[in-house]
Structure formats: C-alpha cells, structure tokens
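Take a look at the structure set out below.
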Amino acid sequence: MAQDTKGKRVLFICLGNICRSPIAEAVFQWVVEEERGLEGWEIDSAAIGSWHVGLGPDRRAVQTMKKHNIPMNHKARQLKRADFGNYDYIFGMDHENIEDIETKAPPAHEAIIELFGKYDPQKELIIRDPYYDDDDAGFEKCYQQCLRCSRGFLDSLK
Ligand code: 4NP
C-alpha cells in the first residue's frame with residue numbers, strides 16, 4: 001500500500017523543551033523533509049514546565065545536532081490548551097510527560113497523545129532525560145532514538 005504522505009501536525013513534548021523535544025522536532029523535521037521529501041507537515045515542540053521558556057536548546061543538544069548536520073532552530077515554549085486542537089499527534093518522551101500532557105488536555109480534543117518511543121523498531125519505549133548527565137552520551141542516544149522513532153512513525157502511516 002502507498003504511504004499516507006498527507007501532511008500531519010506533530011508536536012513533541014518533554015519537561016523543559018531544551019533537550020529531548022527540540023532534538024525530536026529537529027530530527028523528525030529532517031527525516032520528513034530531507035530524507036523522505038514530504039511536504040505540508042507542521043512540526044513543533046513544547047515544554048511541560050515554564051522554566052526555560054524563550055531559551056534555545058541545551059548546548060549539548062546543539063552540539064549533537066551539529067555533529068549530525070541536522071538544523072535545529074527552536075526557542076522553548078510551554079504546552080498550551082490550543083495545542084490540543086492545533087496538532088494531530090502530541091508525543092511525549094516518558095510516562096511522566098504523558099501524564100502531564102493528559103492533565104493539561106481539555107475534556108474534548110482529537111489529538112492523539114502517545115509515547116514517541118512506541119514507534120521505535122528496537123522497542124526502546126522511553127527517551128530518557130539526559131539533562132542531568134555529566135557528558136553528552138545521553139544526547140547522542142536521544143538523537144539515535146529520535147531517528148529510529150521518526151522513521152518508525154512515518155512507516156506506520158500506511
Ligand atoms: P528536557 O530536559 O525535558 O529533555 O528538555 C530537561 C530540561 C530541564 C529540566 C529538566 C529536564 N529542568 O529541571 O530544568
């Protein structure tokens with residue numbers, strides 16, 4: 001069957017919107033546009049918390065994306081009610097994200113709320129928070145997971 005390439009609206013969520021979700025956004029955008037050549041997608045990321053609103057991603061996230069030649073241009077923003085009407089998919093990185101997203105959701109909405117890791121062909125369900133790590137290994141791992149999940153999600157739309 002042909003792939004459903006109709007553009008969808010996808011929002012990535014993590015706690016602070018400076019590590020995991022901006023990486024997921026950048027990698028997914030790259031896979032959609034550069035690797036698959038798809039058009040008409042709306043892709044963004046946002047935070048559960050407000051601590052880092054207006055700031056760019058963590059420098060280790062920036063370095064990791066540079067290493068892989070993936071453009072990343074994002075300023076942290078907080079998840080808002082309107083997002084539940086503006087996006088088809090809202091992806092969290094861990095179970096706590098999903099609980100927080102569901103708590104913020106209005107009673108009636110059509111957005112599909114899921115773990116991004118659900119689409120990992122290697123079945124690694126959780127994209128662990130590397131923010132408190134002493135090095136950047138967790139950021140590289142986050143990138144690898146996001147790449148697999150991005151491809152896996154697009155492959156699932158058939
Ligand atoms: P993120 O990582 O949710 O992947 O952006 C974090 C960033 C900041 C904090 C926690 C996690 N924080 O507590 O400030």
Side-chain angles (χ1 to χ4, degrees), residues 8-35 41-106 109 111-154 156:
K8 305 210 182 318
R9 304 165 302 168
V10 180
L11 182 65
F12 296 97
I13 300 295
C14 65
L15 194 54
N17 195 208
I18 56 168
C19 300
R20 293 164 293 175
S21 63
I23 290 176
E25 176 195 344
V27 170
F28 186 67
Q29 184 112 35
W30 181 84
V31 171
V32 164
E33 291 179 359
E34 303 300 326
E35 193 172 67
W41 288 67
E42 275 179 47
I43 302 161
D44 197 7
S45 64
I48 297 295
S50 61
W51 315 287
H52 304 283
V53 166
L55 300 181
D58 185 285
R59 71 177 163 73
R60 295 164 295 176
V62 173
Q63 278 166 3
T64 303
M65 292 298 95
K66 270 206 183 120
K67 181 177 147 197
H68 293 285
N69 278 318
I70 306 237
M72 180 169 62
N73 188 5
H74 183 74
K75 293 279 180 280
R77 74 164 178 93
Q78 200 170 12
L79 175 64
K80 53 181 192 276
R81 246 175 180 248
D83 289 324
F84 292 88
N86 291 340
Y87 289 91
D88 302 308
Y89 290 88
I90 300 180
F91 288 131
M93 304 295 135
D94 59 31
H95 290 296
E96 195 186 359
N97 293 162
I98 298 293
E99 272 177 35
D100 289 338
I101 294 165
E102 282 173 350
T103 301
K104 281 177 180 257
H109 67 87
I112 295 168
I113 299 167
E114 290 180 323
L115 284 171
F116 193 35
K118 181 184 156 188
Y119 295 96
D120 183 358
Q122 294 185 23
K123 308 279 181 221
E124 208 166 349
L125 197 58
I126 303 304
I127 299 180
R128 189 188 62 84
D129 184 355
Y131 179 65
Y132 292 105
D133 292 1
D134 293 332
D135 58 19
D136 55 10
F139 286 81
E140 173 62 24
K141 176 164 178 165
C142 175
Y143 159 76
Q144 297 289 349
Q145 286 180 277
C146 288
L147 189 59
R148 296 199 304 265
C149 294
S150 294
R151 291 167 174 163
F153 172 60
L154 291 171
S156 78

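Order of appearance sets the numbers: ligands from 1, and atoms from 1 within every ligand. Keep in mind that the numbers below use all heavy atoms, side chains included, and drop hydrogens, waters and symmetry copies.
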Working for ring pair (Phe, Tyr, Trp, His ring centres under 6.0 Å), residues Phe153 and Phe91:
CA-CA 11 Å; Phe153 172 60; Phe91 288 131; 5.1 Å; yes
In terms of atom number and element, which parts of ligand 1 are under 4.0 angstrom from non-hydrogen atoms of [X]?
X: Leu15; result: 3 (O), 10 (C)
X: Cys14; result: 1 (P), 3 (O), 4 (O), 5 (O)
X: Asp129; result: 2 (O), 4 (O), 6 (C), 10 (C), 11 (C)
X: Asn17; result: 5 (O)

request  = For salt bridge (Lys or Arg N to Asp or Glu O under 4.0 Å), just list the numbers for Arg9 and Asp88, CA-CA rounded to whole Å, side-chain angles, deciding distance to a tenth of an Å, and then say yes or no.
outcome  = CA-CA 5 Å; Arg9 304 165 302 168; Asp88 302 308; 2.9 Å; yes
Below 3.5 Å, N or O to N or O, backbone or side chain included: is there any such pair between [X] and ligand 1?
X: Cys19; answer: yes
X: Trp51; answer: no
X: Pro130; answer: no
X: Ser21; answer: no

Atom 12 (N) of ligand 1: the protein heavy-atom neighbour that sits closest, reported with distance to 0.1 Å:
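The answer is Tyr131 CE2, 3.5 Å.
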Among all protein heavy atoms in this structure, tell me which lies nearest to atom 13 (O) of ligand 1, with the distance rounded to 0.1 Å.
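I find the closest protein heavy atom is Tyr132 OH, 3.1 Å.
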Any carboxylate oxygen within less than 4.0 angstrom of a Lys/Arg side-chain nitrogen, looking at Arg59 and Asp136?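 Salt bridge absent between Arg59 and Asp136.
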Salt-bridged, Asp44 to Arg77, with N to O below 4.0 Å? yes
Logged contact type for His52 with ligand 1, heavy-atom cut-off 4.0 Å, is side chain
Open item on the list: To the closest 0.5 Å, what do you measure between CG (Asn97) and CD (Glu114)?
Closed with: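 Answer for the CG-CD pair, Asn97 versus Glu114, is 14.0 Å.
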- Using the salt bridge (Lys or Arg N to Asp or Glu O under 4.0 Å) rule, take Arg20 and Asp129 through it: C-alpha gap first, then chi angles, then the decisive distance, then the call. CA-CA 7 Å; Arg20 293 164 293 175; Asp129 184 355; 3.7 Å; yes
Member of Lys67, Arg60, Gln145 meeting the side chain to side chain donor-acceptor pair (under 3.5 Å) criterion with Glu140: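 It is Lys67, the one option of Lys67, Arg60, Gln145 that forms the side chain to side chain donor-acceptor pair (under 3.5 Å) with Glu140.
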### Between Gln29 and Glu25, a side-chain donor and acceptor under 3.5 Å
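Result is no, nothing qualifies.
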